[in-house]
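Just so it is clear: chains get the letters A, B, ... in the order the sequence lines come, proteins before strands, and each one is counted from 1. Both backbone and side-chain heavy atoms feed into the values below; hydrogens, waters and symmetry mates do not.
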Amino acid sequence: MTLALFPPEPLPAEILDDGALLLRGFATAQAGQWIAEVQALQAASPFRIMQVPGGKSMSVAVTSCGDWGWISDAGGYRYSAVDPLTRQPWPAMPAFLAGQARAAAHAAGYAGFAPDACLVNRYRPGARMGLHRDQDEADFAAPIVSVSLGLGCTFLWGGLRRQDPVRRLALAHGDVVVWGGPTRLAYHGVGPLRDGLHPLLGSERWNLTFRMAKARYPAEQP
DNA sequence: AAGTTACG
DNA sequence: TTGA
């Protein structure tokens, strides 16, 4: 039996890069609530496979919540206030999700993060995400907050140029990656999901990425 | 090209 | 596994 540590240790954080932090286990303790929120929102706006501009399909199924949802089709990548599948607004971003994302950003040094978009990615075995950068947002001063649930993955972390070397990092259930500042436009991706069974999500990995799609950062204080 | 394919 |  180990004695309780006092004072409690902060959660381990790893510096990925200038402005990029990996908060190990940030979402683990409340994973049940994270998962319940995603289950509720995907009941309103279901996961779906989107096309990329070349006409091919992504291997990852996506949905969104918040004022803006990220979409891809023959016309390109953009944010839309309406879910093209339901023709309704995306589900509102649950206060719990927005609050946790804000807290993660704050823990990584980005105070005042107020996401107006949350893209939810569902990976099944074999699904992957090629190297890309999140560049459809209006204000690159705001960071990206990325939350991993369920099966672990290999996260690919590159640099500002596509030809920069790519690091491979193992991400586990509950890990949160926050990047911004000098590495806001870094290339990143996810290796093919390996088979496995997670106690809460079975053979799936869910990834939530919180962004400020249209809003200015830092958010205005009333 | 958030895509696939070819190749060392 | 990496570059094109």
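A:V190 and A:L131 fall into different hydrophobic clusters, where Ile, Leu, Val, Met, Phe, Trp and Tyr side chains are chained together by heavy-atom contacts under 4.5 Å.
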Toss me the dot-bracket line for DNA chain B: Watson-Crick and G-U wobble, both under 3.5 Å, 5' to 3', using | for pairs to another strand and [ ] for crossers.
...|.|..
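Inspection of the A:N121 and A:T209 side chains reveals no N or O donor paired with an N or O acceptor under 3.5 Å. With 3.5 Å as the limit, one finds a donor-acceptor pair spanning the side chains of A:S148 and A:R205. Looking at A:R161 and A:Y187, their side chains never bring a donor and an acceptor atom within 3.5 Å of each other. Side chains of A:D17 and A:W179: no donor on one and acceptor on the other come within 3.5 Å.
Every pair passing ring-ring contact (aromatic ring centres under 6.0 Å, His included) that includes a residue from residues 91-117 of chain A is listed here, sequence neighbours excluded: A:W34-A:F96. Listed by first then second residue, pairs satisfying side-chain hydrogen bond (donor to acceptor under 3.5 Å, both in side chains) with a partner in residues 53-65 of chain A read A:Q51-A:S57, not counting sequence neighbours.
Using a 4.0 Å heavy-atom distance criterion, A:D136 is classed as a base contact. Heavy atoms of A:R78 sit nowhere under 4.0 angstrom from any nucleic acid atom.
Rounding to whole angstrom units, CZ of residue A:R122 and C1' of B:dA2 are separated by 17 Å. For A:Q163 and C:dA4, the CD to C1' distance is 11 Å, given to the nearest whole Å. Between A:I71 atom CD1 and B:dA1 atom P the separation is 17 Å, expressed in whole Å. Rounded to an integer number of Å, the gap from A:D164 CG to C:dT2 C1' is 14 Å. Summarising the geometry, the separation between CD1 on A:I144 and C1' on B:dA2 is reported as 13 Å, rounded to the nearest angstrom. The distance from atom CZ of A:R211 to atom P of B:dA2 is 12 Å, rounded to the nearest whole Å.
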I need a per-nucleotide contact map over nucleotides 3-8 of chain B, read 5' to 3'. Cutoff is protein heavy atoms under 4.0 Å; write B for the base, S for backbone only, - otherwise.
SS----
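Every residue two or more places apart in sequence or in another chain was checked for a ring-ring contact (aromatic ring centres under 6.0 Å, His included) with A:Y217, and none qualifies. Applying the ring-ring contact (aromatic ring centres under 6.0 Å, His included) rule to A:W68 yields no partners; only residues at least two apart in sequence or on another chain are considered.
A gap of 13 Å separates the C1' atoms of B:dT5 and B:dA1, to the nearest Å.
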